[in-house]
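A quick write-up on the structure given underneath.
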Amino acid sequence: MASANRLNPEQHQAAYCFDAPVCILAGAGTGKTKTITERIAALIQEEHVAPASILALTFTNKAAAEMRERVEHILGYQPRGLEIGTFHARVARWCRQFPEAIGRSSYFTIIDETDRNRLLKDLVKKRQVPAGLAFADIKHDIHMWQCAGLHPDDLVSHPILANQTFARTIYTDFIHALDRSNTTDFGHLLLLGQRLLATPQAALFKARIQHVVVDEYQDTSPAQTAILNQFFSHAKTIAIVGDDDQAIYGWRGAAPDTMKRFLQQHPSARLVKLETNYRSSSQILDAANDVIQVNTNRLGKSLLSNHGDGPSLQFFVADDDVHEARLLADRIHTLINQGTSSDDIAILYRKNAMSRPLETALRRARVGYQIIGGIRFFDKAIIKNILATLRLLLNPHSAIDLSRFLKAFPHGIGQKTLGQIVPTIDGDLISGFRALTSDSHPDLSPRMLKKVITFGHRLEELRRPLIEQTASLAELIQELLTRLGLLSQLELDVDRQTEREDVQDFLQLIHQYEYDCERQNTSPTLISFLEEAALLSSTDTATDATHISLMTIHAAKGLEFEHVFVIGCEEHQFPTSQAIEDAEGGDTSTLEEERRLMYVAMTRAKRHLTLSRAKRRQHHGTFRHHMPSRFLRDILVYAERQPSQTFGSSRHSLIRRRTGDRPMGRRGQSIHSPIEIEDDVDTSMFVSGDRVTHTTFGAGEVVGLRGLGSRRAALVRFDSTPTRSRTVVLAHLEPEKSSNASSVHEPQIDMSFDFGA
DNA sequence: GATGGTGCTCTTTTT
DNA sequence: GAGCACCATC
């Protein structure tokens with residue numbers, strides 16, 4: 001039992017609890033992955049359980065891969081049939097086994113968020129939208145129903161608000177459209193899984209699963225819980241792992257009390273708390289606890305550091321977002337020069353848009369970085385077009401993919417004709433390009449009809465080699481892209497360098513996929529490749545040791561770094577405006593989630609945690625001023641209650657850019673020398689309202705800023721043509737001499753958070 | 001039907 | 001700062 005020796009007593013108790021369901025409350029950095037991998041290995045090795053009877057569900061593919069690897073490492077061999085994966089990936093696999101049980105045929109496809117929204121929008125357009133109802137609200141309602149595991153049929157008996165009836169209609173249309181086009185989206189996939197597990201076809205397979213392990217249980221939605229319950233009812237052992245303080249997916253339907261409810265549903269369950277933190281210094285944990293302790297209704301646990309003291313936390317205050325990015329880039333540049341490895345450094349932010357100034361600053365400082373999440377490779381337009389083409393050829397019923405295909409590769413058939421041949425609502429069983437070859441289109445002119453039919457036959461021709469798999473996948477796809485003319489088009493166009501590279505990367509990826517399949521003794525089919533592409537999460541990218549990592553806090557969940565920088569610690573950014581407004585209206589749940597998010601961010605750090613804020617930040621082209629985040633205050637107020645600690649060794653030292661007028665006054669405090677900023681030519685030079693002069697158009701006023709390809713531009717209303725604004729390149733603009741416009745935007749209130757001065 | 005310019009609106013977070 | 005709808009033009 002060598003493996004068990006590596007566990008501490010609590011971890012051991014959690015891993016080896018086989019006689020009752022166990023709820024493992026695992027704080028950040030307490031070795032929960034280790035505990036569950038040991039558990040899985042122990043089931044196989046010591047309890048002699050068949051690997052195929054174990055189902056382990058994780059939140060990301062990356063977590064699943066890591067878990068599988070670690071289990072294999074402990075066992076020393078690859079267990080056969082072990083079901084490890086994300087909810088979505090497992091469910092998709094099961095559905096693929098019994099497609100007809102859920103009203104699908106083989107080769108059903110999974111559409112992504114963008115395509116789903118496009119479909120929803122189309123459906124909304126076909127109906128009479130009630131006045132005052134925004135698309136966002138409809139989308140939100142449907143999303144929430146899907147998370148709750150509710151099918152449109154369930155809504156008949158389910159209480160809904162009066163203003164939700166239209167959304168319900170659209171939801172019904174939406175499900176019909178998915179059924180008809182043999183597709184599904186992320187949300188519906190889980191409902192299909194739920195339905196599948198209730199069918200006789202799945203009974204055998206369902207009974208096979210006898211041991212269930214669920215990671216990140218605090219973030220499971222009711223739709224996911226419903227699937228779990230199908231196994232919980234007969235499973236011999238159950239282990240759920242999670243941390244209610246790290247529940248950050250409420251907007252995806254996860255209730256913050258999910259863990260608590262598991263305990264209520266399983267009265268015999270044992271609660272095991274893992275509270276020894278092996279990751280962070282006590283300074284970091286203390287500060288993180290200061291933030292999280294404000295929340296009410298926690299299951300309650302207190303993390304104790306096993307690492308002891310570390311350096312103090314650091315704070316930066318920057319003038320604006322660009323300045324903040326530069327300060328960080330400088331600091332990181334220095335760290336790396338001093339020998340810190342790049343993969344020990346991460347910058348975390350609340351939302352993706354915050355990465356832009358960072359990217360500029362890091363490039364300038366010659367610091368290699370990679371963005372985890374953000375725009376995925378598979379989200380790039382050119383790749384999406386190729387994927388849509390492949391999906392369409394595989395699944396001729398997919399109207400969504402047909403529409404995208406025709407936009408990407410014009411065949412003289414536009415959206416109008418498409419609308420006439422592809423019925424998206426009501427009745428018709430034919431859709432997608434199968435609709436093309438059917439000859440009953442009374443609305444079309446004979447000329448158009450001929451065009452459409454020819455086109456349909458062409459697609460059938462393109463389709464055949466893919467279905468019959470006459471050559472390797474990579475060859476087939478290369479051939480297809482050649483026949484569509486895409487490759488020659490890209491060759492000819494100088495401006496499409498990036499796209500050319502992306503397509504090459506894509507083909508390379510297919511090669512890689514075929515190679516991987518070969519190694520794992522599975523056959524590389526197009527459908528399995530597409531599925532992997534669809535379900536690959538944005539955070540699954542492999543990390544690279546020569547680059548620092550940039551990501552949202554959500555994407556950082558489960559990761560750890562020696563140095564963590566959390567930027568944008570400002571009211572209305574973090575916490576978000578929405579959370580602040582909700583709280584003012586009496587609903588503190590979103591604010592509590594923001595607080596947990598800060599807790600997650602802070603506990604990613606092992607030894608060095610730096611928090612920064614900018615006094616003003618560019619929003620949609622204009623600057624907005626922000627007060628320091630209340631979370632900063634929660635940390636610092638607490639620090640002040642500890643007067644015995646001198647600053648140099650205290651938990652909270654301070655680095656602040658000297659503004660020249662007021663160096664901070666505390667004894668022993670370190671103040672960095674002033675940091676020079678050179679002026680940059682970018683949009684932050686101008687803000688809306690600035691008076692400018694253009695080399696040809698003369699004087700005018702900036703009304704907006706925008707990007708124009710790789711160049712930056714401003715939207716200017718010129719005095720000579722006051723009725724319309726013009727987009728002009730920044731290089732042609734100069735601030736009008738007398739202008740004082742930007743100083744008008746100075747803050748009315750700036751607490752200039754003096755951190756205990 | 002395709003294309004290109006223009007001016008709105010807007011996202012937190014993602015499987 | 002991007003995506004989108006809308007319009008004018010070819």
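By convention in this document, chain letters (A, B, ...) are assigned in the order of the sequence lines, proteins followed by strands, and residues within each chain are numbered from 1. The analysis underlying the following values was restricted to heavy atoms, covering all of them including side chains, and did not include hydrogens, waters or symmetry mates.
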Which is true for [X] with a 4.0 Å heavy-atom rule: it touches a base, it touches only sugar-phosphate, or it touches nothing?
X        : answer
A:Lys121 : sugar-phosphate
A:Glu113 : base
A:Phe87  : nothing
A:Thr576 : base

Between [atom2] on [N] and [atom1] on [X], what's the gap in Å once rounded to a whole number?
X        : N      : atom1 : atom2 : result
A:Tyr349 : B:dT13 : OH    : C1'   : 12 Å
A:His140 : B:dC10 : NE2   : P     : 16 Å
A:Lys62  : B:dT15 : NZ    : C1'   : 15 Å
A:Glu594 : B:dT11 : CD    : C1'   : 13 Å
A:His619 : C:dA2  : NE2   : P     : 15 Å
A:Asp112 : B:dT14 : CG    : P     : 14 Å
A:Asp137 : B:dT11 : CG    : C1'   : 14 Å
A:Phe135 : B:dC8  : CZ    : P     : 22 Å

- [ ] Flag yes if more than 12 heavy atoms outside A:Arg93 fall under 6.0 Å of its CZ atom; otherwise flag no.
- [x] no
Task: Partner set under ring pair (Phe, Tyr, Trp, His ring centres under 6.0 Å) for A:Tyr217, not counting sequence neighbours - done: A:Phe262
- [ ] Take A:Glu359 and A:Tyr369 through the test side-chain hydrogen bond (donor to acceptor under 3.5 Å, both in side chains) and record every step on the way to the result.
- [x] CA-CA 8 Å; A:Glu359 290 183 69; A:Tyr369 66 89; 3.0 Å; yes
Task: A:Lys32/A:Asp243 ion pair, N-O < 4.0 Å - done: no
Look at [X] and [N] and indicate whether a side-chain polar atom (N or O) is within less than 4.0 Å of OP1 or OP2.
X        : N      : answer
A:Arg356 : C:dG1  : yes
A:Thr60  : B:dT15 : no
A:Asn352 : B:dT11 : no

Distance-only donor-acceptor pairs under 3.5 Å for side chains of residues 183-193 of chain A, two or more places apart:
| residue | atom | partner | partner atom | Å |
| --- | --- | --- | --- | --- |
| A:Thr183 | OG1 | A:Ser181 | OG | 3.0 |
| A:Thr184 | OG1 | A:Leu189 | N | 3.1 |
| A:Asp185 | OD1 | A:Gln146 | NE2 | 3.3 |
| A:Asp185 | OD1 | A:His188 | N | 2.9 |
| A:Asp185 | OD2 | A:Arg116 | NH1 | 2.8 |
| A:Asp185 | OD2 | A:Gln146 | NE2 | 3.4 |

Task: Per-pair stack call A:Trp251 and B:dT13, 5.5 Å, 30° - done: yes
Open item on the list: Distance check, C1' atoms only: B:dT11 and C:dC6, in whole angstrom units.
Closed with: 23 Å
